Amino acid sequence: MTQNDSDITGIILAGGQSHRMGFNKALAMLDGKPLIEFVVDNLRKITQSLILSTGSEFFEYKNLQVVPDLHPGFGPLGGICSALKSSKTNLNLVLSCDMPLVSSSFLSFLAEEARRHPAPITLPVDKYGYWQPLCAVYRKDVLPALYEALSRNELKIITAIRETHPRVIQFMEWHPSFQNMSFLSINTPEALKQAESVLDIFREKRL
Ligand SMILES: Nc1nc2c(ncn2[C@@H]2O[C@H](COP(=O)(O)OP(=O)(O)OP(=O)(O)O)[C@@H](O)[C@H]2O)c(=O)[nH]1
């Protein structure tokens with residue numbers, strides 16, 4: 001670990017259109033609080049330095065530093081590039097605003113893994129083999145490679161990051177109640193209900 005790698009910035013991706021949800025999903029309520037609040041709370045356990053990546057529409061949340069997309073229309077990859085450019089740290093923990101079930105302990109583990117290895121991107125792969133690039137640590141120096149992908153109109157984030165030779169970490173569900181749903185993206189009202197039932201089961205098991 002280099003001295004600079006002790007600091008890390010949290011980047012919350014929240015610049016999408018939320019077509020499937022029908023309204024800004026960052027503000028969808030789960031268990032009495034907006035989805036984005038889960039993500040902010042979990043990231044704040046890792047770092048106080050947070051960036052809200054907001055796409056083309058201006059969207060403020062509490063006192064977070066807002067970074068609009070420099071080149072709107074490039075999807076999550078465009079948001080990651082713009083936020084990385086603004087970030088002052090080498091390490092950047094990117095988390096989608098619609099992933100409230102990723103635990104802070106896993107985020108902390110991911111950050112430690114990224115500190116220990118020089119890979120440009122450190123990301124989890126779930127038990128079904130799906131890479132999770134919207135819950136991953138990006139080093140700032142991966143930016144030229146990501147811009148190069150964007151310049152080729154390569155908007156598929158998995159394709160773009162595969163070319164950077166990321167380090168992929170096998171994810172083990174940390175609690176059986178989460179039923180392999182830690183990376184559930186709450187894109188739709190149905191997914192919101194699914195997340196509610198996961199939290200209910202979790203609460204029941206703790207009683
Ligand atoms: N900054 C930024 N973030 C984005 C952009 N597009 C999507 N995101 C974020 O990336 C994550 C995954 O986005 P998706 O769920 O695939 O797309 P979405 O536009 O939010 O939702 P749909 O309109 O329902 O597809 C979410 O946290 C979005 O807020 C973008 O153009 N810029």
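This chain uses plain numbering: 1 for the first residue, then up along the sequence. Numbering of ligands and ligand atoms starts at 1, following listing order. As a basis for the values below, the full set of heavy atoms in this structure was taken, side chains included, without hydrogen atoms, waters or symmetry mates. Since this is a predicted model, take the numbers as computed values, not measurements.
With sequence neighbours excluded, the residues forming a side-chain contact (heavy atoms from CB on, under 4.5 Å) with Gln194 are Met181, Leu184, Ala191, listed by chain and number. The side-chain contact (heavy atoms from CB on, under 4.5 Å) search around Ala26 returns Asn24, Ile36, Phe59, Cys97, not counting sequence neighbours.
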Would you be so kind as to tabulate the donor-acceptor pairs closer than 3.5 Å made by side chains of residues 64-71, with sequence neighbours excluded?
{"residue": "Asp69", "atom": "OD1", "partner": "Gly55", "partner atom": "N", "Å": "3.3"}

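A donor and an acceptor atom, one from each side chain of Asp98 and Ser96, are located under 3.5 Å apart. The closest side-chain donor-acceptor pair between Ser49 and Thr47, if any, does not fall under 3.5 angstrom.
Sorted by chain then number, the residues whose non-hydrogen atoms approach ligand 1 to under 4.0 Å are Leu13, Ala14, Gly15, Gly16, Gln17, Ser18, His19, Arg20, Lys25, Ser53, Gly55, Asp69, Gly75, Pro76, Gly79, Ser96, Cys97, Asp98, Leu134, Asn187.
The distance from atom CZ of Arg162 to atom CD1 of Ile157, rounded to the nearest 0.5 Å, is 12.5 Å.
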